[in-house]
Amino acid sequence: MPETTTPGMTPDTSPGDAVATQVPIATMAAKGKAKRIQRANRAPVGWYIAWAWLGAVVLSAVFAPLLPLWDPAVPDYNNVFGGITPQHWLGGDTLGRDNLSRIIYGARASLLVGICAVLLGALVGGILGMMAGYFGGRTERVLALVTDVVLAFPGLVFIIALVAILGSSLTNLIIGLAILSVPTFIRLSRAATLTVAQREFVQAARAYGSKPLRIIAREIAPNVVLPVAAYGFIMIGVFIVVEGSLSFLGLGIPPPTPSWGGMIAGGRTELLNFPHISLFPAAVMFLTVLSINYIGERTRKQFEVKESNL
């Protein structure tokens, strides 16, 4: 009979030798795959830069009263349209107020609007979305109708009406932006709930006779929080830009409270002669929103990768 060989064997090699040569090859392939996964999960340099910038902005805003800064609301008529000096690192505005001080204190207002509006909208929209996705039926139809109505209404018109009725203030701006964000979070949490509700641990909880509210709170909510949080992080950057746009139009935070949008609007008439008045707050807003969007987008992609491996 003719001799037969298996892959990885020659007529002069024994089966034991073939197995011995195949094992290192498989081990090397596994190690190569592990290294590729490790490189894919390794955070790029931009990730650390974004966190460093965002951390510096947040810490400066939180500890602003403890920093050796000029009073952001007190005019200094000797520094009107002032340039960069050792006393005023970013110059002065149209009333001589220190730009650096107003940017740091303005970060408090802008971050407060973005974070509080997102948290409020995510809380209300997340709860309603989980109820719609879990119960379905009439509950889902009613919430879908309310969501479509709110999304169809122009957001700017709603904010103008809210300001006209309740007045321009930080609280009213947060409430208005939170209301506008609720429908989006309803849709997001509903879609996530529909996926989670079909998994084995939810079916097991139903089989054991757990009440619907208990299932939503203990089984569904922990799995819906991650996609909602990843999207909410991106929405913080969106709301910071919206707050700046509304303040530029005179519909945001009223003076003398500093805000990035108000600072940009305050220097718009002097862009040709003294561009630093609007340029510095605009640059800080741009870098902050860019960092938030970068972190939120990468977080969302990491979550999608983990979900696909389940």
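Note that the coordinates shown come from a computational prediction; the quantities given were computed from them, not determined experimentally.
- Under the 3.5 Å distance criterion, the side-chain polar atoms of Arg108 are matched with a main-chain donor or acceptor of Ala61.
- Here the CH2-CG distance, from Trp89 to Leu100, works out to 7.0 Å after rounding to the nearest 0.5 Å.
- Proximity of Val182 to Val150: side-chain heavy atoms (C-beta onward) are nowhere separated by under 4.5 Å.
- Leu120 and Ile179 are not part of a single hydrophobic cluster, where members link through side-chain heavy atoms under 4.5 Å apart.
- The CZ atom of Phe63 lies 13.0 Å from the CD1 atom of Ile104; values are rounded to the nearest 0.5 Å.
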Go through Ile127 and Met131 one step at a time and tell me if the side-chain contact (heavy atoms from CB on, under 4.5 Å) criterion holds. CA-CA 6 Å; Ile127 293 174; Met131 293 176 61; 4.2 Å; yes
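- Taking Ser245 as the reference, nothing meets the side-chain hydrogen bond (donor to acceptor under 3.5 Å, both in side chains) condition, with sequence neighbours excluded.
- Atoms OG1 and CG, from Thr85 and Asn79 in turn, are 6.0 Å apart once rounded to the nearest 0.5 Å.
- Atom CD1 of Ile236 sits about 8.5 Å away from atom CG of Leu111, to the nearest 0.5 Å.
- Side chains of Ile84 and His276 form no contact here, defined as non-hydrogen atoms less than 4.5 Å apart.
- Proximity of a side-chain donor or acceptor of Arg102 to a complementary backbone N or O of Pro72 within less than 3.5 Å is detected.
- Grouped with Phe274 in one hydrophobic cluster are Tyr77, Val80, Phe81, Ile277, the linkage being side-chain heavy-atom contacts under 4.5 Å among Ile, Leu, Val, Met, Phe, Trp and Tyr residues.
- Side chains of Leu170 and Thr257 form no contact here, defined as non-hydrogen atoms less than 4.5 Å apart.
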side-chain contact (heavy atoms from CB on, under 4.5 Å) assessment of Leu279 paired with Leu271: CA-CA 9 Å; Leu279 178 62; Leu271 283 176; over 6 Å; no
Working for side-chain contact (heavy atoms from CB on, under 4.5 Å), residues Ile220 and Arg199: CA-CA 10 Å; Ile220 295 179; Arg199 295 195 175 168; over 6 Å; no
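- With rounding to the nearest 0.5 Å, the separation of OH in Tyr105 from CG in Asp98 is 11.0 Å.
- Atom CD1 of Ile292 is separated from atom CD1 of Ile240 by 4.0 Å, given to the nearest 0.5 angstrom.
- Judged by distance alone, the side chain of Trp70 and the main-chain N or O of His88 form no donor-acceptor pair under 3.5 Å.
- Proximity of a side-chain donor or acceptor of Trp260 to a complementary backbone N or O of Ile103 within less than 3.5 Å is detected.
- Between Leu151 and Thr184 there is a side-chain heavy-atom pair separated by less than 4.5 Å.
- For the pair Ile215/Arg206, a side-chain contact is recorded, criterion being any heavy-atom separation below 4.5 Å from C-beta on.
- Scored by the side-chain hydrogen bond (donor to acceptor under 3.5 Å, both in side chains) test, Asp71 finds no partners at all (sequence neighbours excluded).
- Cluster membership check: Val118 shares its hydrophobic cluster with Val62, using side-chain heavy-atom separations under 4.5 Å among Ile, Leu, Val, Met, Phe, Trp and Tyr.
- Looking only at side-chain heavy atoms (C-beta outward), Glu200 and Gln203 stay at 4.5 Å or farther from each other.
- A donor-acceptor contact shorter than 3.5 Å is absent between the side chain of Ser247 and the backbone of Ala265.
- No path of Ile, Leu, Val, Met, Phe, Trp and Tyr side chains, each step under 4.5 Å between heavy atoms, connects Ile159 with Val124, placing them in separate hydrophobic clusters.
- Looking at Ser278, its side chain never comes within 3.5 Å of a backbone N or O of Pro275 through a donor-acceptor pair.
- Put simply, Tyr231 and Leu194 are part of two different groups of oily side chains (I, L, V, M, F, W, Y) that touch within less than 4.5 Å, one to the next.
- The cluster map of Ile, Leu, Val, Met, Phe, Trp and Tyr, joined by side-chain heavy atoms under 4.5 Å apart, puts Ile174 and Val242 in the same cluster.
- Side-chain atoms of Phe201 and Asn223, non-hydrogen and from C-beta on, do get closer than 4.5 Å to each other.
- In terms of heavy-atom proximity, Asn99 sits nearest to Gly92 at ND2-O, 3.6 Å.
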Start with the C-alpha gap between Asp93 and Met263, add the side-chain angles, then the distance that decides, and say whether side-chain contact (heavy atoms from CB on, under 4.5 Å) holds. CA-CA 8 Å; Asp93 65 357; Met263 294 182 65; over 6 Å; no
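- Using a 4.5 Å heavy-atom threshold, the side chains of Pro44 and Tyr294 count as touching.
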